Asks: 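This is the structure, below, for whatever I ask next.
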Amino acid sequence: MTEEEIYAAKFNYEITYLVKTSYSQLLDLSDDNRLRQLQLIEVCFNLKNALRKINESLIRYSKGKISTELILPKKLESVFNMIYYSIEKMKTEMNPNEYELSSLEENYRIVRTGLCDIYGIEFAK
């Protein structure tokens with residue numbers, strides 16, 4: 001297995017799983033406020049972790065762009081849109097000035113910019 005295939009597999013399985021799980025968790029938040037806040041912090045953590053892994057595998061790939069045969073541009077776009085909509089949903093549930101949320105938004109902007117430059121895909125702002 002090549003380095004490119006390893007990074008593509010990391011995206012296709014590990015990262016998409018983290019993002020999908022986080023999004024699903026947002027749709028099923030607890031009615032108990034304390035538990036709800038913990039769930040939101042967990043979602044922030046998981047999404048930051050996904051963004052870190054995207055940065056490590058797709059942006060820092062030493063040979064530039066990973067083949068679109070290994071990572072479909074539509075899948076990349078879908079994953080990033082799920083992250084964006086998760087952040088927007090969390091803004092309605094959390095104080096937008098909370099460190100976890102503001103840090104997540106900043107990470108999103110940085111990684112989105114890197115991916116736009118490398119892959120030429122426009123993502124949700």
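Just so we're clear, the structure is a prediction, and the values are computed from it rather than from any experiment. Computed over heavy atoms, backbone and side chain alike; hydrogens, waters and symmetry mates excluded.
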Asks: Would you kindly confirm whether L18 and Y7 end up in one hydrophobic cluster when ILVMFWY residues are joined by side chain heavy atoms under 4.5 Å apart?
Replies: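 No: no chain of side-chain contacts under 4.5 Å links L18 to Y7.
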Asks: Scan residues 8-29 for pairs that pass salt bridge (charged side-chain N to carboxylate O under 4.0 Å, His left out), counting only residues two or more places apart or in two chains.
Replies: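 Sorted result for residues 8-29: K10-E56, E14-K53.
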Asks: Do Q37 and L40 make a side-chain contact, defined as non-hydrogen atoms from C-beta onward lying under 4.5 Å apart?
Replies: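 They are in contact (side-chain heavy atoms under 4.5 Å apart), so the answer is yes.
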Asks: Any chance you could measure L104, atom CG, to R109, atom CZ, to the nearest 0.5 Å?
Replies: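 The CZ atom of R109 is 9.5 Å from CG of L104, to the nearest 0.5 Å.
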Asks: Looking at N12 and L70, would you say the former's side chain and the latter's main chain have a donor-acceptor pair under 3.5 Å?
Replies: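 Yes; at least one donor-acceptor contact below 3.5 Å.
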Asks: Quick one, N55 and I110 - any side-chain contact, counting heavy atoms below 4.5 Å?
Replies: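 The answer is no; the side chains never approach within 4.5 Å.
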Asks: Identify the heavy atoms of I15 and S57 that sit nearest to each other, and give their distance.
Replies: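 Answer, listing the atom of I15 first, then S57: CD1-OG, 3.7 Å.
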Asks: Using the test side chain to side chain donor-acceptor pair (under 3.5 Å), find all partners of N49 that sit at least two apart in sequence or belong to another chain.
Replies: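 With sequence neighbours excluded, N49 shows a side chain to side chain donor-acceptor pair (under 3.5 Å) to R52, given in chain and number order.
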Asks: Counting only N and O atoms by type, is there a donor-acceptor contact under 3.5 Å from the side chain of T92 to the main-chain atoms of K89?
Replies: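 Yes; judged by distance alone, with no hydrogens or angles, the pair exists.
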Asks: Does the T68 side chain pair with the main chain of I71, one donor and one acceptor, at a distance under 3.5 Å?
Replies: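 It does not hold such a pair.
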Asks: Supply the atom-to-atom distance E98 CD to K91 NZ, rounded to the nearest 0.5 angstrom.
Replies: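 Answer rounded to 0.5 Å: 13.5 Å.
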Asks: Write down the atom of L58, the atom of I118, and the distance for their closest heavy-atom approach.
Replies: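 For L58 and I118, the tightest heavy-atom pair comes out as O-CD1, 4.3 Å.
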Asks: Mind checking the CG-OH spacing from N46 to Y23? Nearest 0.5 Å is all I need.
Replies: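 Atom-to-atom, N46:CG and Y23:OH are 16.0 Å apart.
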Asks: Could you grab the distance from atom OH of Y108 to atom CD1 of I87, nearest 0.5 Å is fine?
Replies: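 Y108 OH to I87 CD1: 6.5 Å, rounded to 0.5 Å.
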Asks: Checking the side chain of Y119 only, and the main-chain atoms of E77 only, is there a donor and an acceptor separated by less than 3.5 Å?
Replies: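 Answer holds: no.
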Asks: Do L47 and N107 make a side-chain contact, defined as non-hydrogen atoms from C-beta onward lying under 4.5 Å apart?
Replies: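 When only atoms from C-beta onward are counted, N107 and L47 do not touch, as no gap falls below 4.5 Å.
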Asks: Side chains of Q25 and Q39: do they bring a donor and an acceptor to under 3.5 Å?
Replies: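 Looking only at side-chain atoms, Q39 and Q25 do not form any donor-acceptor pair under 3.5 Å.
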Asks: Stepwise, does the side chain to side chain contact (heavy atoms under 4.5 Å, CB included) test hold for M94 with C44?
Replies: CA-CA 11 Å; M94 298 174 77; C44 277; 4.2 Å; yes
Asks: Main chain of E100, side chain of S103: is a donor-acceptor contact present, judged purely on distance under 3.5 Å?
Replies: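 Flag not set: sc S103 to bb E100 has no pair under 3.5 Å.
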Asks: How close do S30 and L35 get, heavy atom to heavy atom, and via which atoms?
Replies: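 The pair with the smallest heavy-atom distance is OG-CD2, 3.4 Å.
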Asks: At what distance, to the nearest 0.5 angstrom, does CG of L29 lie from CZ of R36?
Replies: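 CZ of R36 is found 4.5 Å from CG of L29.
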Asks: Could you tell me the separation between the NZ atom of K48 and the CD atom of E106, rounded to the nearest 0.5 Å?
Replies: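 Nearest 0.5 Å value for the NZ-CD distance: 11.5 Å.
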Asks: Group every Ile, Leu, Val, Met, Phe, Trp and Tyr by side-chain heavy-atom contacts under 4.5 Å, then state whether L101 and F80 land in the same group.
Replies: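 Cluster IDs for L101 and F80 match.
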Asks: Assigning hydrophobic clusters by single linkage (Ile, Leu, Val, Met, Phe, Trp, Tyr; side-chain heavy-atom cutoff under 4.5 Å), is I83 placed with I41?
Replies: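 No, separate clusters.
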Asks: Is there side-chain contact between Y85 and L26, with heavy atoms separated by less than 4.5 Å?
Replies: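 With C-beta onward as the side chain, the pair stays apart.
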Asks: In the single-linkage hydrophobic clustering (I, L, V, M, F, W, Y; side-chain heavy atoms under 4.5 Å), do I54 and Y84 co-cluster?
Replies: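 Shared cluster, yes.
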Asks: Is there a path from Y13 to V79 through hydrophobic residues (I, L, V, M, F, W, Y) whose side chains come within less than 4.5 Å of each other?
Replies: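 No, separate clusters.
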Asks: Closest heavy-atom contact between M82 and V19?
Replies: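 Between these two residues, the closest heavy atoms are CB-CG1, 3.7 Å.
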Asks: Counting C-beta onward and ignoring hydrogens, is there a side-chain heavy-atom pair between L76 and F11 closer than 4.5 Å?
Replies: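 Counting from C-beta outward, L76 and F11 do come under 4.5 Å.
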